[in-house]
Amino acid sequence: MADDAATGAIGFLAGEITDDGLYIEEVDVVMARQKQGHGRRLMQAAIDWARGARLPAVTLTTFRHIPFNAPFYASMGFVVLEAPTPHLAATLADEVARGFEDRCAMRLAL
């Protein structure tokens, strides 16, 4: 969690360990505090944790073309998987079934 002594929580990251490594389920930063590096710090903390736990990768699914989604993660070294793992393929299928379009799976090898 990212927080500010004056205002309290300003962001969080949720993840789970899967066969692929650490899967990032969600990263959120309150609107007023976006574009200040908080999301990047949350992601870096998760990456550092996964590396320390000797996991093989950090994975996620996200919107392909929204600037603060896939392009943001690509700037941190994540790559789009053209052939997602079974876990990521199932996650993408579930997202499409819920009406989310233009999604992709991404992976950062550790």
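- Separating the CD1 atom in I47 from the CD1 atom in I24 is a distance of 7.5 Å, to the nearest 0.5 Å.
- Put simply, L81 and V58 are part of two different groups of oily side chains (I, L, V, M, F, W, Y) that touch within less than 4.5 Å, one to the next.
- Using a 4.5 Å heavy-atom threshold, the side chains of L13 and M43 count as touching.
- Side-chain contact between V29 and L42 is present, with heavy atoms from C-beta onward closer than 4.5 Å.
- Here the CD-OG1 distance, from E25 to T59, works out to 10.0 Å after rounding to the nearest 0.5 Å.
- Here E16 contributes atom CD and T18 contributes atom OG1; the two are 6.5 Å apart, rounded to the nearest 0.5 Å.
- Grouped with V79 in a hydrophobic cluster is no other residue, since no side-chain heavy-atom contact under 4.5 Å to another Ile, Leu, Val, Met, Phe, Trp or Tyr is found.
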message: For R107 and F78: C-alpha separation, side-chain torsions, deciding distance, then whether side chain to side chain contact (heavy atoms under 4.5 Å, CB included) applies.
response: CA-CA 5 Å; R107 181 178 193 269; F78 285 79; 5.5 Å; no
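- Here the OH atom belonging to Y23 is positioned 4.5 Å from the OG1 atom belonging to T91, to the nearest 0.5 angstrom.
- Every pair passing side chain to side chain donor-acceptor pair (under 3.5 Å) that includes a residue from residues 42-54 is listed here, sequence neighbours excluded: Q44-D48.
- Atoms SG and CG, from C104 and L88 in turn, are 10.0 Å apart once rounded to the nearest 0.5 Å.
- Legend: side chain to side chain donor-acceptor pair (under 3.5 Å) pairs involving residues 75-88, not counting sequence neighbours, sorted by first then second residue: D20-T85, R40-S75.
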